[in-house]
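Reminder, nothing fancy here: chain letters follow the sequence lines and each chain counts from 1. Predicted, not measured: the structure shown is a model, and the values here were computed from it.
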Number of protein chains: 2
Amino acid sequence: MPPTPGVPEGKRPTLADVAARAGVSVALVSIVMRGAKGAGAATRERVLEAAREIGYRPDARARLLRSNRSRLLGVQFGLQQPFHTDLVEGVYAAAEPAGYQIALSAVAPSRGERHAVETLLGDRCEALILLGPQAPAALLAELAAQLPVVSVARRLRPAVPGVDVVRTADDEGARRAVDHLVSLGHRDIVHIDGGRAPGAADRRRGYRTAMNRHGLADRARVLPGGLTEEDGAAAARTLLGDDPRPTAVVAFNDRCATGVLDAFLRARVPVPDEISVVGFDDSHLARLAHIDLTTVGQDVRRLADLAVGRAVARLEGEAASDGETSGNETVIAPHLVIRSTTAGPRNG
Amino acid sequence: MPPTPGVPEGKRPTLADVAARAGVSVALVSIVMRGAKGAGAATRERVLEAAREIGYRPDARARLLRSNRSRLLGVQFGLQQPFHTDLVEGVYAAAEPAGYQIALSAVAPSRGERHAVETLLGDRCEALILLGPQAPAALLAELAAQLPVVSVARRLRPAVPGVDVVRTADDEGARRAVDHLVSLGHRDIVHIDGGRAPGAADRRRGYRTAMNRHGLADRARVLPGGLTEEDGAAAARTLLGDDPRPTAVVAFNDRCATGVLDAFLRARVPVPDEISVVGFDDSHLARLAHIDLTTVGQDVRRLADLAVGRAVARLEGEAASDGETSGNETVIAPHLVIRSTTAGPRNG
DNA sequence: GAAACCTGAGCGTGATATGAA
DNA sequence: GTTCATATCACGCTCAGGTTT
């Protein structure tokens with residue numbers, strides 16, 4: 001690597017190097033680099049030029065160390081979950097205009113939530129945004145005692161003090177899915193659930209509520225599923241053996257629904273002609289032209305905005321709304337996205 | 001939040017707080033926390049206990065600031081690419097045993113590679129691991145002048161000085177796919193390519209080479225594709241209009257192949273009965289029971305290991321092998337994973 | 001008085017030098 | 001000499017306070 005002129009070998013340039021080159025004090029360079037006021041236009045230009053020449057780049061960590069604010073939001077997410085990666089994108093977009101940086105920490109089979117959170121804490125994040133956390137409430141409470149914590153898409157019952165929750169009304173989402181199917185003429189509607197996944201309990205409940213309301217309580221049926229394609233496909237294969245088959249399926253999420261779709265297609269059971277399928281999330285997957293899944297949309301951008309907003313509000317010293325210090329819950333409405341995997345039943 | 005006893009309000013505990021509580025010097029606490037030698041067993045225990053009591057946690061940033069080594073590897077990856085998220089998992093697994101931390105920076109539609117890299121540099125990463133970077137060679141060269149850079153899955157021709165490349169032999173992978181199909185009796189084999197995506201050119205070339213070798217040069221046909229399901233589905237729809245149709249497709253990657261599969265299934269063209277499909281990557285997707293895609297496997301774990309290994313080797317001062325200071329290329333062999341989307345042609 | 005600049009201190013660590021048992 | 005412990009400085013930066021026009 002070619003040594004940069006005027007800079008000690010092997011070290012990246014610092015404020016001091018820029019200062020020396022521009023013939024000003026370190027503090028002044030700091031002012032210029034931050035774009036703060038207190039420097040003349042001419043000097044400012046000279047400093048910026050010097051910085052450019054030697055390839056100066058601010059050290060984010062030193063910066064954070066000095067100012068007691070770090071302006072860092074820690075985000076925990078599942079590497080393999082499209083809904084999470086969609087959310088991460090939204091969080092980036094929401095955080096940067098608000099003047100916050102994002103530290104990402106992934107959860108994967110070989111890397112648990114505990115580990116992910118530890119890393120974020122070590123990085124001096126000011127707040128934690130946890131996407132669909134599975135951690136026990138006690139752990140969340142412990143974390144909340146140290147810094148603001150926002151749980152996205154995971155409801156906490158009972159509420160955990162200090163943990164804000166931002167989520168979609170999962171029960172309402174499931175209800176809308178059922179309402180839609182009933183309005184198309186369906187009566188035999190099955191729910192393939194998400195087991196213990198965040199949101200699964202509410203979606204199950206919403207499904208049952210809606211079936212009851214339509215007088216279909218005795219036809220309600222919940223099949224164990226999960227949040228992957230495999231889970232959906234397995235459940236669908238069970239359905240294929242039924243006689244008569246249900247005419248519609250509400251799946252836990254889009255991945256699960258995709259698995260259902262695929263199992264049906266392979267068995268030559270046309271969707272939606274013989275059976276309708278509804279997903280949940282409106283993730284990237286559902287929107288793909290060749291899947292084109294009717295699904296319950298979560299407003300990802302809004303969830304991300306709210307999550308960042310709650311974290312920032314706590315940080316800027318705003319008391320939780322209602323003067324309540326305990327956990328706050330923000331629930332946003334889902335919306336049904338009708339695509340091509342639903343239609344009226346054959347013998348409607 | 002309940003104030004921790006013995007710690008200044010609103011601040012997280014520091015070495016000094018632990019020292020005060022344990023009745024020792026700050027330096028000694030530092031020694032204990034690092035597990036370095038130079039502390040008595042009894043004192044060590046006392047310090048650790050004090051630390052536990054007040055909830056002390058080392059400040060990663062201050063730590064990095066002080067030691068001129070940061071032991072941080074910056075990883076740039078595509079949020080929506082399963083192959084990348086698989087790789088990230090491997091990188092985590094490889095880095096931590098080697099004593100390095102990972103800083104993640106995502107690339108998304110709203111967040112370009114430039115931005116992603118800037119963040120990593122600001123975090124004082126010691127080296128950059130770029131997954132499938134699309135950045136121009138000039139930019140990579142510029143980065144490599146500052147710190148070790150490893151490009152994963154993106155070949156650089158001509159080699160860029162200072163940039164190490166770790167990749168799968170894409171051409172060989174495509175050749176193996178074709179060989180497999182030919183051995184099954186196929187002759188009309190189409191390639192749906194990846195356009196300008198990393199690896200696409202080599203896969204195209206490998207496909208053509210193999211077709212030539214089998215004396216099928218005049219049947220070779222490359223359709224423009226891409227790296228998403230939509231791209232694959234679009235290309236597949238083109239094929240559906242052909243008469244006669246090809247009997248086999250080699251897709252650029254698994255996502256693309258999945259799109260192809262889906263388009264065929266929708267058109268009631270049975271796979272593999274009427275047409276065989278081969279993917280590339282052996283990503284999570286391909287392994288799902290209901291997709292069960294024959295594909296060219298990239299050894300993700302090995303790629304990740306090598307990428308981390310190259311970065312670490314550069315950092316630990318090892319000269320590049322062969323005494324060459326310029327970019328080094330490590331190419332690993334792909335392997336064919338035969339699943340259920342390939343079979344002999346009908347009129348074989 | 002304001003604008004432009006500088007000095008000095010300190011953020012939480014790690015490393016070295018030095019001293020005491 | 002070895003083991004344990006401390007004092008002191010430095011890392012790169014920001015900020016409060018001072019000095020000069």
Side-chain angles (χ1 to χ4, degrees), chain A residues 7-8 10-48 50-51 54-72 99 101 121-126, chain B residues 7-8 10-48 50-51 54-72 99 101 121-126:
Chain A
V7 175
K11 314 206 61 170
R12 56 189 265 181
T14 74
L15 280 189
D17 298 317
V18 179
R21 185 166 245 268
V24 295
S25 76
V26 173
L28 188 57
V29 178
S30 168
I31 288 174
V32 171
M33 296 315 294
R34 276 175 293 147
K37 65 174 183 181
T43 322
R44 197 175 285 270
E45 197 46 54
R46 195 151 43 89
V47 169
L48 286 175
I54 65 178
Y56 170 76
R57 180 186 310 279
D59 183 330
R61 307 188 119 79
R63 197 171 246 182
L64 303 189
L65 177 59
R66 169 59 217 196
S67 45
N68 30 25
R69 295 292 314 271
S70 81
R71 305 194 76 85
L72 237 196
Q101 294 226 28
L121 291 177
D123 281 348
R124 264 216 175 345
C125 293
E126 293 189 315
Chain B
V7 175
K11 316 206 61 171
R12 56 187 266 180
T14 73
L15 281 187
D17 298 316
V18 180
R21 185 166 243 268
V24 295
S25 75
V26 175
L28 187 58
V29 179
S30 169
I31 288 173
V32 172
M33 297 316 293
R34 277 176 290 148
K37 65 174 182 180
T43 323
R44 195 176 287 271
E45 196 47 53
R46 196 153 43 88
V47 168
L48 286 175
I54 65 177
Y56 169 77
R57 179 187 311 278
D59 184 328
R61 310 190 117 79
R63 207 167 236 189
L64 303 190
L65 176 58
R66 169 57 213 186
S67 49
N68 31 24
R69 297 291 316 270
S70 80
R71 305 192 76 84
L72 238 195
Q101 294 226 27
L121 292 176
D123 281 349
R124 270 234 175 325
C125 293
E126 293 188 316

Got a salt bridge between A/Glu126 and A/Arg71, using NZ or NE/NH1/NH2 to carboxylate O under 4.0 Å? no
Taking the side chain as everything from C-beta on, heavy atoms only, tell me whether A/Gln101 gets closer than 4.5 Å to A/Leu64. no
Choose from D/dT14, C/dT13, D/dA7 the nucleotide whose nearest atom is closest to any side-chain atom of B/Ala27. D/dA7
Between C1' of C/dT13 and CZ of B/Arg61, the distance in whole Å: 14 Å
What is the nucleic acid contact for B/Arg69, judged by heavy atoms within less than 4.0 Å: base, sugar-phosphate only, or nothing? nothing
With sequence neighbours excluded, what pairs up with B/Leu15 under the side chain to side chain contact (heavy atoms under 4.5 Å, CB included) test? B/Val26, B/Val29, B/Ser30, B/Met33, B/Tyr56
Among D/dC15, D/dC13, D/dA10, the one nearest B/Arg66 by side-chain distance: D/dA10
Would you say D/dC13 has OP1 or OP2 under 4.0 Å from some side-chain N or O of A/Ser30? no
Quick check on C/dG14: is either OP1 or OP2 less than 4.0 Å from any side-chain nitrogen or oxygen of B/Arg63? yes
Counting side-chain heavy atoms from C-beta on, which of C/dG12, C/dG14, D/dG12 comes nearest to A/Ala62? D/dG12
Where do A/Gly38 and A/Leu28 come nearest, in terms of heavy atoms and distance? O-CD1, 3.7 Å
Between the protein and nucleotides 1-5 of chain C, which nitrogen or oxygen pairs come in under 3.5 angstrom?
from: C/dC5; atom 1: OP1; to: A/Thr43; atom 2: OG1; distance (Å): 2.4
from: C/dC5; atom 1: OP2; to: A/Gly40; atom 2: N; distance (Å): 2.5
from: C/dC5; atom 1: OP2; to: A/Thr43; atom 2: OG1; distance (Å): 3.2

Could you tell me whether the phosphate oxygens of D/dT14, OP1 or OP2, come under 4.0 Å of any side-chain nitrogen or oxygen in A/Ser67? no
